[in-house]
Amino acid sequence: MVEWLNIQGPLGTSQLLAMYDLGTSCTVIDIDLAKKCGLERSEANFTVSTVTGKQGGSHVYTFYLIDKENKRTRVQALGVKMRQEYPMVKVKVRGPWRRYFRGQEYQNAPGGYLGLLLGSDQSGIHPRQVSFDKTEILWKSWISGRYLISGGRNSSSYPNINKISVQVKRDPPK
């Protein structure tokens with residue numbers, strides 16, 4: 001599930017493309033985007049492992065997600081390089097769900113460069129399941145209020161896997 005969200009940092013409010021992923025144990029933000037937004041950062045020492053390799057990191061960024069009622073939720077995310085682009089796609093809306101999309105037959109899922117991956121450490125702000133039908137699930141984002149569709153048949157010619165695991169280096173106990 002991917003959607004555009006508003007974040008607030010010291011330089012004001014910005015939009016970024018965010019993905020919700022309960023299979024990931026931590027939240028990460030694109031380091032270039034975090035710097036561009038002037039986000040508050042603190043020192044950290046971690047390694048992020050994905051199917052494409054390992055990447056070290058040195059900062060945790062703090063910012064606020066702004067919901068549909070202009071309420072702020074504080075989020076901390078590990079800063080990593082994430083230059084992954086998602087194309088804009090049309091998602092066919094099942095008949096019974098069209099009432100959530102103003103009767104539209106297709107939902108336009110926006111594309112762009114992924115800026116934020118919200119992991120299971122932020123599961124409290126993930127969308128809530130509204131309905132399911134065969135291989136698809138209808139969700140409602142509590143942040144934006146929009147409805148999102150996930151699942152369906154994989155018609156891609158190759159599998160895409162986004163998994164992240166983190167190992168934080170710590171001093172041994174004394």
Side-chain angles (χ1 to χ4, degrees), residues 1-9 11-30 32-34 36-37 39 50-51 61-78 80 82-165:
M1 292 177 292
V2 177
E3 72 173 326
W4 286 90
L5 298 177
N6 292 318
I7 67 164
Q8 186 179 55
L11 300 179
T13 303
S14 302
Q15 281 199 323
L16 56 72
L17 188 60
M19 172 186 278
Y20 301 97
D21 186 354
L22 284 174
T24 301
S25 60
C26 60
T27 295
V28 297
I29 189 166
D30 180 66
D32 294 331
L33 178 68
K36 180 180 172 185
C37 294
L39 299 183
T50 69
V51 294
Y61 291 88
T62 303
F63 55 93
Y64 294 90
L65 287 174
I66 310 298
D67 72 12
K68 61 189 177 293
E69 297 168 354
N70 278 334
K71 292 181 184 168
R72 301 177 343 150
T73 299
R74 185 175 181 265
V75 175
Q76 288 189 310
L78 303 173
V80 299
M82 289 194 322
R83 281 307 273 180
Q84 185 170 357
E85 184 175 9
Y86 284 83
M88 195 280 288
V89 296
K90 281 184 155 185
V91 178
K92 187 163 179 69
V93 178
R94 294 183 175 275
W97 295 349
R98 290 190 185 145
R99 64 184 171 167
Y100 300 108
F101 297 93
R102 295 186 212 120
Q104 296 174 0
E105 187 176 349
Y106 290 93
Q107 173 195 25
N108 288 325
Y113 284 100
L114 185 63
L116 179 65
L117 184 85
L118 291 158
S120 60
D121 60 325
Q122 297 294 328
S123 61
I125 61 176
H126 281 232
R128 303 297 186 247
Q129 183 176 323
V130 174
S131 179
F132 70 94
D133 189 357
K134 297 180 184 174
T135 61
E136 295 178 337
I137 302 173
L138 178 67
W139 305 86
K140 184 173 184 181
S141 170
W142 81 269
I143 298 173
S144 69
R146 291 187 289 265
Y147 290 91
L148 309 167
I149 298 172
S150 70
R153 286 180 285 146
N154 184 3
S155 59
S156 176
S157 59
Y158 59 92
N160 291 325
I161 300 174
N162 290 317
K163 295 289 180 191
I164 293 179
S165 64

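Counting begins at 1 with the first residue of the sequence.
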Close side-chain approach of Leu65 and Arg72, heavy atoms under 4.5 Å: no
Non-hydrogen side-chain atoms of Met1 and Ser150 separated by less than 4.5 Å: yes
Partners meeting side-chain hydrogen bond (donor to acceptor under 3.5 Å, both in side chains) with Gln122 (sequence neighbours left out): none
Note, Glu3 side chain near Met19 side chain (heavy atom, < 4.5 Å): no
Flag side-chain contact, heavy atom, 4.5 Å: Ser120 against Thr24: no
Ring pair (Phe, Tyr, Trp, His ring centres under 6.0 Å) partners of Tyr20, counting only residues at least two apart: His126
Sequence-distant partners of Arg98, side-chain hydrogen bond (donor to acceptor under 3.5 Å, both in side chains), two or more places apart: none
Validation row: Val93, Ile149 side chains within 4.5 angstrom (heavy atoms): yes
From CD1 (Ile7) to CG (Leu39), nearest 0.5 Å: 5.0 Å
Flag, side chain of Asp67 to backbone of Asn70, donor-acceptor distance under 3.5 Å: yes
Shortest non-hydrogen contact from Pro127 toward Trp139: O-CE3, 3.5 Å
Side-chain H-bond candidate by donor/acceptor type, Gln76 with Thr27, under 3.5 Å: no
Interatomic distance, Ile29 atom CD1 to Leu16 atom CG [nearest 0.5 angstrom]: 6.0 Å
Over 12 non-hydrogen atoms of neighbours within 6.0 angstrom of NZ in Lys68: yes
Close side-chain approach of Lys71 and Ile66, heavy atoms under 4.5 Å: no
Verdict with reasoning, Ser123 to Leu22, per side-chain contact (heavy atoms from CB on, under 4.5 Å): CA-CA 7 Å; Ser123 61; Leu22 284 174; 3.6 Å; yes
Close side-chain approach of Ile137 to Leu148, heavy-atom, < 4.5 Å: no
side-chain hydrogen bond (donor to acceptor under 3.5 Å, both in side chains) involving Thr73 - partner list, sequence neighbours excluded: none
side-chain contact (heavy atoms from CB on, under 4.5 Å) evaluation trace for Ser131 with Trp97: CA-CA 9 Å; Ser131 179; Trp97 295 349; 3.2 Å; yes
Separation between CG of Asp30 and OH of Tyr61, rounded to the nearest 0.5 Å: 9.5 Å
Point-to-point distance, once rounded to the nearest 0.5 Å, from SG of Cys26 to CG of Asp121: 6.5 Å
Leu138 CG to Arg128 CZ distance, which is reported to the nearest 0.5 Å: 14.5 Å
Gap separating the CH2 atom of Trp4 from the CZ atom of Arg146, nearest 0.5 angstrom: 10.5 Å
Side-chain touch Leu118/Asp21, heavy atoms, less than 4.5 angstrom: no
Results of side-chain contact (heavy atoms from CB on, under 4.5 Å) for Glu85 - residues two or more places apart only: Tyr113
Side-chain donor-acceptor pairs under 3.5 Å in residues 100-112, sequence neighbours left out?
{"residue": "Glu105", "atom": "OE2", "partner": "Lys92", "partner atom": "NZ", "Å": "2.8"}
{"residue": "Gln107", "atom": "NE2", "partner": "Tyr147", "partner atom": "O", "Å": "3.0"}

Thr62 and Val75: CA distance, side-chain angles, deciding distance, side-chain contact (heavy atoms from CB on, under 4.5 Å) verdict: CA-CA 6 Å; Thr62 303; Val75 175; over 6 Å; no
